[in-house]
Structures are given as C-alpha cells and as structure tokens.
Student: 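Take this structure, written in structure tokens, and hold onto it; I'll ask about it next.
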Amino acid sequence: MRRVVVTGLGAVTPLGAGIRHTWRRLLESGSGIVSTSSRGAQFETLPSRVAGLIPLGSRDDGKWQAKDWLLATEERQMALFAQYAIASTQEALDDAGWHPTAQHDLEATGVTIGSGIGNLDEAYNTSIAFHEGGYRKVSPLFVPRLLINLAAGHVSIRYGFKGPNHAATTACTTGVHAIGDASRLIAFGDADVMVAGGAESCIHPLAIAGFARARSLATAWNDDPSASSRPFDKDRAGFVIGEGAGIMVLEELEHAKARKANIYAEVRGYGLSSDAYHMTAPREDGEGAYLAMRQALRHAGAKPEAVDYVNAHATSTILGDAAENTAIKRLLLGEGGKKHASEINVSGTKGAIGHLLGAAGAVEAIFTTLAIRDVGWLVLYAVLRRLLSQNVLPPTLNLDNPSEGFDCNYVPKVPQHQPVNLALTNSFGFGGTNASLCLAAYPASFRDDPAAQETHIGARSCEETTKHGDDREYITNVHCPDSEFHVHSLTTGRARPPAVMDTLEDGRPLLAKLRLRAGEYHARVPGIRRLPGRAIAIVLLLIIINILAWVACAIVLSYHITLVSTAVLAWTLGLRHALDADHISAIDLMTRRLIASGQRPVTVGTYFSLGHSTIVIITSIVVAATSAAISDRFGPFSNIGGIIGSSVSAAFLIFLGIINGWIFYKLVQQLRKAIASPIGHELLDFNFEGGGCMTLVLKKMFKLIDKPWKMYPLGVLFGLGFDTSSEIALLGISSIQAAQGTSIWLILIFPLLFTAGMCLLDTFDGAAMMSLYTSAGLARDVIAILYYQCVLTAVTVAVALVVGFLQLFGLILSLKPGLNGPFWHGIEVAGDHYDIIGGSICGSFLVFGLLSIVLYKPWRRLIERGRGEARVTLGDDGEAETPERITIMPLPQGDGAGGSIVVASWQGRRKP
C-alpha cells in the first residue's frame, strides 16, 4: 500500500479568503463570527442571529468576491458552495505547484469534494418560483446547481482531471470522509494525486430555523457574536453555523518526491465508526468517537502516547463536547497512552470560525496540518534548531471556564508553541457517523529495534510477523492478545520495517521550514503575491550573491584602492553584456519552449549565464597568465572565437525562431478552437508536440534542451564567440593588469564580478519571462491567456529571426570583409550596437505588451459578440450543448425524459 502526503492547501473561511489569511488570523485569535441581522428581515426573526460569514471584498485584502476567482459565466453556472470549492482548489493547486498538462498526469489526478447540505438557496428559491410561476420559472441550471457532486465536477472540468471523481455527503463528517477516502484511492493505486475536501454555503433562514428548532444553535450571544462559539466552556449552549471550503492536494509520496514537491505532512491513518444510537445526539460515553480515533491510530501504527495534538470536532454543544472529551481522555490516557490529562493537547477551532458543516472537517484537517508544519514566528531564531522544533497549536477561543471534568490542555484563547509530530483531527455528524484522520510530520523518523521480537502496545506482549516483499515493501501485522490494538500496516521504503508503535521524532529540515515561512510572507505582500514564489526566490538569491561578492571583493580591494574603478567597470560590463540581443533571445525562447512542455522554469537564464561565464573566466585567466605571448596572436584568436560563437548563436536563434513559429501556429489554432467552444468549456493544452510535419522533421532537435540545466552547455558554446565589446573589454582589462604585474588572483576578481552582474540580469530575464508567460491572473480565462501568448510569441518569433539573420549576415561579412553596399553597411553597424538591439528587444516586449492590453478589451467584446449570449441547454440525452444562435420559445414537453426550452441554430440547422 502506497504512502500519502499533503502537498497543497487552500481554504475560504469566515477568517478570510485564502489559507494564509485564515491561518494568520486564527493565530492572532481573530474571530470570523458576525451578526446576520444585516442580511435581511427574515434573519431578524430567528432565535440565532450569528454566523460564520465569509468576509466580502477584494482578494488582495483576504476577502471574497467571485470575480477574483471565476468568470462571469462560471459564477452563473455554479452554486456558491461550488464557487468556494473552486477558489480553494485553485489556491491548493498553486500551493502544490501541480498544473499537469500531460495526458497520463491528468488521468492520474482525481477529485473528491463533498458538501453536507449544498445549495439550499437554490432549492428554496426555485420551489417558490415554481409555486408562483410554474414550469417556465424553473432554470435549466436548477439541477446542476443543486447537485452535491457538481463541486467536484466543476473542478475536474476546469482543470481536465480525469481520475476518480467522487463526492461524499455525510453531514458534518463530510470533509474528513472526503480526505480519508481520497487518501485510500491513492494508497490503493487508483490515483497519484487527489484534490480533496469539503465546501458549504447554507447561511439561509430555513437552515438556521431547522437547526434552531432542533435546539442545536447558540442563541444566547446575539449581541456579542464573537463570543457565541465556546468549545469546552461551561457556558457553551450550541454551535454557530458557518460557511466556507477547505481543499487539500494529496499525493503519493514517491510521486511528490520525484517532482520535489513541498510536503506539509503525511496522512498516516483514517478511522471510521458509527454511534448506532440516535439521529442527532452522540452517546454520552463518546464510544463512536473513541472507535474512530482508535482505528485511525491502528492504521497509523502509533501508540496513543505519540499523539501530540487533537483538533477536536468540538461544536460547542453541551452533549457533543462532553462526549468527545470523554472519548479523547479514554484513548490517550488508556493503555499505551499518556500519564496525565494535562499532557493531552486539544483545541476547538470552531470558536473562531463556527461550524462549517460539510466543510468543517476539511478546514480543520488543514489547521491540523499547519499545526504540524508551522513553526510560528520563531523564524527569527532560525539558528536555534531546538526552538524551530516548536510547532503552533491553534487556540480555542472563548474558553473562560472549562466545564467540570475538562482537565486537558485546551489551548485557551491564544496559540501555544509545542512540538507536534503526530496529530488527530475529528469530525462527527448527524446519524452517528464519525471519522478521524491521523496526520504526521514528514519526514519523520522512528526508533528501530530490529532485535525486538515483541511489540508493546500497553499490553504485556504482542506477536509481530513481517512478510518481505520486494526491496521496497514490507507488510507488518501486529496482534496483541491482551490489548484493544491490532495493527496491520504496510510501509514502503528500502530501510528495515519500522517498529510500528515507536514515537515519532521531528526530522523536518530547517530549509523546508524557512521555505514555508517565506511562502507566508510572499502571500501577504500585495503585488508580489501575484508573481511566482520561485521566480522571486531565484532573483533574491542572485541579489544576495552579488552583495556577498561585492563584500568579499571590497575587503580585498581595500588594500588595492587603484583597482576599485576597474572592478566596478568589470561588473558594469557584465550587466551590459546581459542586455545583448543573443542573450535575451536565447533565454526567452528556451523559457517559452520549456513552458510549452509543461515546465515552470526559473533558472534558464542562470544556467545559460554560468555556461557563458565559464568561457569568460577561463579565457581571462589564460590571457592574464600569458598576456605577453598571446598579445601577438589575440586578433586571430578573437576572429576564430567570433566565427564559432556567431555560428552557434545564429543557428540556435533561427532554429528556435522556427520552433516558436510552430508554437505560434498551434496557439492560433487553440485560440480559434477556444473561441468556437461553448462558453465555460474552453480548454488549454500546451502540449504542442503532437503531430504535424514540423514536429516529425524536428522531433529529435525538439528534445535537445528539455531541462533548464541543459542551458549550461549552450551558454558555453555562446561564450566561445568574443564578438561583443564588453567581452573584448574584459579580456583587455585582464591583459593590461597582467602586463602591469598585477597578481593573477587579483585579476580573477574582474571576471568573477563580470559573471555576477551578467548572471543577475540573465536570471532576472528568465524569471520575469516565466512569470509573464504563466501569469496566474490569466489562468482562469483560456481565451485571455491564449491571446496574450499569441502576441508575445509573435514578438518572440520576429525578434529571434531578425537577430538570428543579423548574426548570420554578420558572420558572412566577417568572412568576406569586402562586401559593400547599404545593406552590408547596416549589418556592420548593427553588429557594433548589440547592446542597443538588446534594449530594443526589451522595449518591444514592453510596447507590444502594453498595446495588447489596451486592445484586448475591444477585441474581446467583438469576439464575444460573435460568440453570442452563453446559454446552456440540455438535450434528450442529458448532454450540455451551446448553439450559435438561440431563440427562446416555449415548447410542449415531449415523451422523453428531457427536452429543451429553446430553439437554437447549429450552423444553419434548427434543433430543439
């Protein structure tokens, strides 16, 4: 059985739109529970007038407005709970860095998103409309907007995921069931990646009235909404209804490691049970909750004493909180458990967000994951490894006076810093359905005891049998005759089978923690958050390297003041050389090429520049070491290098110009196809290596450079041509300084500073191009992204071919210097001003980019006018169709199960 890890998180909650905003406010002890009085007169008449509402406003402010996440067409088609699911999924996929385009990846990615109630507004409003106006008042979107599974359906449609598509609807246990079921789909090989979670939006007078009549809601705190949800407090008197969504990206461990994904935690156990007792009330002894948690620990292969934190269901009801508290203490203070109740860490995060019903379990599983992974604000003490091992326990708000018998650590009011390696998160629902997830830190180490023949789980002895499969798989069965625990676990890996019940130890790397903290800061800064984090990181890294290089050089040059101006000149020459047309074109072309193959490269410019610099550094050393001997032969050497460099550069640019011409052709085809597609059903496919004559002819050459690091040897080839003034000037500096008797170690400073400057700008160029071509702001609109891709690709093709042919003609001119005429004179002038050409290339991207933005809206209005008003009709076979022209006409219902309410034209045909 395969191991499952969490690689992406996304949420929309009453604390904010986005998991970073939500988590930050939770740790600040903020509350998302507000009064419902402003929502209308019907809410004023209800006994409970508080709810956990999604804050409305701009996404940049951590608030919700649908247009930030959805197209207008999508908003009309989707129920609000599905909209929340889409937004949370987008955030989780971006967080995971999982945007597959290859067919096998799409087929291996599935979706399981549930909801407890779903779209109650639609059912209520349509019922009234049907009662008052009859059949004609029922929208053709009524059923699709009503169905629970449409949240998962819309996610799979938007992203093209073709793996398992599943939806749980098990009341308030829905979110945990969805995540647990998804983990098992991965474990059993049905998928490699699953998008899993829950979504809910039923803040409606009818829903509140129903729960209030069942005496489930808090009614005594209408004048103080933030104090109304009080888990474990003696004054608790019912839950507060809330709305939102929580989505996790789950992934098979080896799959995640292979793509170097950021792993938050591992899903180690999943337990389910039933109370078999009552429709709405739990057993007072909490047996159902106990059985679910015990089952989760069985699957995890962990002792109760290993549990560092429990995120409780804790809805703030009198019976529910007491029953769960009893179950937690029974499990964690029982056999193999802790010695004192005060050692048990439990919190109820519903105090901050209310009860999100079908989304509650998913959001709380995310909180539990962050409790395992987050190191709080201790990053300032990063040098102290022990401090960094202290995780953050989210608080239980409004816990002023715990009830009698509540003697665990309930993290009252403010977060606490404690190590968390293993945690449980619980969800229980009406009908007596219970579920518990066991999440663990990754990587985590177990204390192996290969000599042990017995495994102790709070009992005197246990029999352990291990079956060895291949060298990657171990199946371990542990049976304890005198204990409640019987463990069946399967571990994948090359190491010995772990001692199943040993305690987890913190093994997370410092770098991973710093990366998480950097991601949080990145998510908070307006403007910066729109740029890919990896692009910002690589540019910042190069800036730091340049600063360190200058600090080191400054220390050395403080003893050689006369060389300071020369060092500044060398660094400036590197910056100027990075503006050369061949650099910008090569980096831009290969960035586009790798993006077209499904990658998100940010180091194309870095590797290209390092390769180029290798030749520059070596040549500078050689020139400095043998300046006298080379001085007579420097001219021929430069000519030979120029021929080699120009040949490679021109051939490469022309070749990639042709490749990008092919990409431009495919983009135009996709744009036409998207315009002709039904609104909301446009697809984007960057896999341009399908068929076609150009692909067949250039198939092998297409694959010459398929990774950013392969730009290094290409940079070496480009570096062989010393045909620009900056390189010649640098070699001149090395030669002159050597002739003056300067030490070769001091001379080495100049090419190193040249490299630092050039690498900084080349890296920025590549990262900026990648950010532009993969802008997340365009990802929701296929036509928009194809439009801008066509514009930029057209400019790229033109630039590549112009510069490539300029270099080709320049090479011809260098071989035959006697060529005359205005054309050849122009080629000669262009060769002397490559820095100006490079700047012009940057300017052309800026000008055409701005021009395309200005022209986009009128062009889009023209296109949409041609496409017609988007409407969905359902044929007799149930398939959605979008005609070219629609005339609304009432038609008598036929004998079939379906039928249309319009007359539509498909290319001149009329079809009901």
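Only a predicted model underlies this, so the values are computations on that prediction, with no experimental measurement involved.
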Student: To the nearest 0.5 angstrom, please state how far the CE atom of M194 sits from the CG atom of D181.
Tutor: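 So the gap between those two atoms works out to 9.0 Å.
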
Student: P225: which residues meet the side chain to side chain contact (heavy atoms under 4.5 Å, CB included) condition with it, sequence neighbours left out?
Tutor: I33, S35, V50

Student: Does K329 have any salt bridge (Lys or Arg N to Asp or Glu O under 4.0 Å) partners at least two apart in sequence or in another chain, and if so, which?
Tutor: D407

Student: Name all residues meeting the side chain to side chain donor-acceptor pair (under 3.5 Å) criterion together with Q416; count only those two or more places apart in sequence or in a different chain, and write none if there are none.
Tutor: N409, Q418

Student: With sequence neighbours left out, what residues match A178 under side chain to side chain contact (heavy atoms under 4.5 Å, CB included)?
Tutor: T112

Student: Under 30°, 30 to 60°, or over 60°: which ring-plane class applies to W23 and F367, parallel, tilted or perpendicular?
Tutor: tilted

Student: Which pairs, with at least one residue in residues 409-418 and sequence neighbours excluded, count as a salt bridge (Lys or Arg N to Asp or Glu O under 4.0 Å)?
Tutor: D400-K413

Student: Who passes salt bridge (Lys or Arg N to Asp or Glu O under 4.0 Å) against R25, sequence neighbours left out?
Tutor: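 Salt bridge (Lys or Arg N to Asp or Glu O under 4.0 Å) list for R25, sorted by chain: empty.
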
Student: Tell me which one of L437, T174, T425 satisfies side-chain contact (heavy atoms from CB on, under 4.5 Å) with I179.
Tutor: L437

Student: For D233, check side chain to side chain donor-acceptor pair (under 3.5 Å) against everything at least two apart and list the hits.
Tutor: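 Testing D233 for side chain to side chain donor-acceptor pair (under 3.5 Å), a comparison that skips the adjacent residues, returns R230.
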
Student: Grab the two heavy atoms, one from G198 and one from I247, that are nearest each other, plus how far apart they are.
Tutor: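 Minimum heavy-atom contact is N-CD1, 4.4 Å.
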
Student: If every non-hydrogen atom of C438 is compared with every non-hydrogen atom of A296, which pair is closest and at what distance?
Tutor: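 Nearest heavy atoms, C438 then A296: CB-O, 4.0 Å.
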
Student: Could you verify whether a donor N or O on one side chain and an acceptor N or O on the other, from T13 and T22, lie under 3.5 Å apart?
Tutor: yes

Student: Can you tell me how far NE2 of H204 sits from CG of L120, rounded to the nearest 0.5 angstrom?
Tutor: 5.5 Å

Student: Identify the two heavy atoms, one from E324 and one from A314, that lie closest to each other, and give their separation to 0.1 Å.
Tutor: OE1-N, 2.8 Å

Student: May I ask you to decide if the ring planes of Y410 and F406 are parallel, tilted or perpendicular, using 30° and 60° as cut-offs?
Tutor: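 The arrangement is tilted - the two ring planes meet at 30° to 60°.
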
Student: Which value, rounded to the nearest 0.5 Å, describes the distance between K350 atom NZ and S229 atom OG?
Tutor: 8.5 Å

Student: Once side chain to side chain contact (heavy atoms under 4.5 Å, CB included) is applied, do any residues pair with V539, and if so which ones, sequence neighbours excluded?
Tutor: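 So V539 forms a side chain to side chain contact (heavy atoms under 4.5 Å, CB included) with I543, F764, A767.
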
Student: Minimum heavy-atom separation for G361 and S427, please, with both atom names.
Tutor: CA-OG, 3.1 Å

Student: Please report the closest heavy-atom contact between S31 and G351, naming both atoms and the distance.
Tutor: OG-O, 4.5 Å

Student: Mind checking what makes side chain to side chain donor-acceptor pair (under 3.5 Å) contact with D121, not counting sequence neighbours?
Tutor: none

Student: With sequence neighbours left out, write down each residue that passes side chain to side chain contact (heavy atoms under 4.5 Å, CB included) with A151, or none if nothing qualifies.
Tutor: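 So A151 forms a side chain to side chain contact (heavy atoms under 4.5 Å, CB included) with F81, A82, A85, I113.
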
Student: Measure the spacing between CD of E200 and CG of L357 and express it to the nearest 0.5 Å.
Tutor: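 Between E200 CD and L357 CG, I get 5.0 Å after rounding to 0.5 Å.
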
Student: In this structure, which one of F428, F232, F239 forms a ring-ring contact (aromatic ring centres under 6.0 Å, His included) with H313?
Tutor: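 Among F428, F232, F239, the one that satisfies the ring-ring contact (aromatic ring centres under 6.0 Å, His included) with H313 is F428.
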
Student: Taking salt bridge (Lys or Arg N to Asp or Glu O under 4.0 Å) as the definition, give me every residue that meets it alongside E91, ordered by chain and number, with sequence neighbours left out.
Tutor: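 For E91 there are no salt bridge (Lys or Arg N to Asp or Glu O under 4.0 Å) partners, ignoring immediate neighbours.
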
Student: Only one of V346, L393, L424, N421 passes side-chain contact (heavy atoms from CB on, under 4.5 Å) with Y309; say which it is.
Tutor: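 Going through V346, L393, L424, N421 one by one, the side-chain contact (heavy atoms from CB on, under 4.5 Å) with Y309 is satisfied by L393 alone.
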
Student: Show the nearest heavy-atom pair for residues L15 and G32, with the distance to one decimal.
Tutor: CD2-N, 3.6 Å

Student: With distance as the sole criterion, is a donor-acceptor pair present between the side chains of D95 and Y264 under 3.5 Å?
Tutor: yes

Student: According to side chain to side chain donor-acceptor pair (under 3.5 Å), who are the partners of E251, at least two apart in sequence or on a separate chain?
Tutor: T7, H255, R259

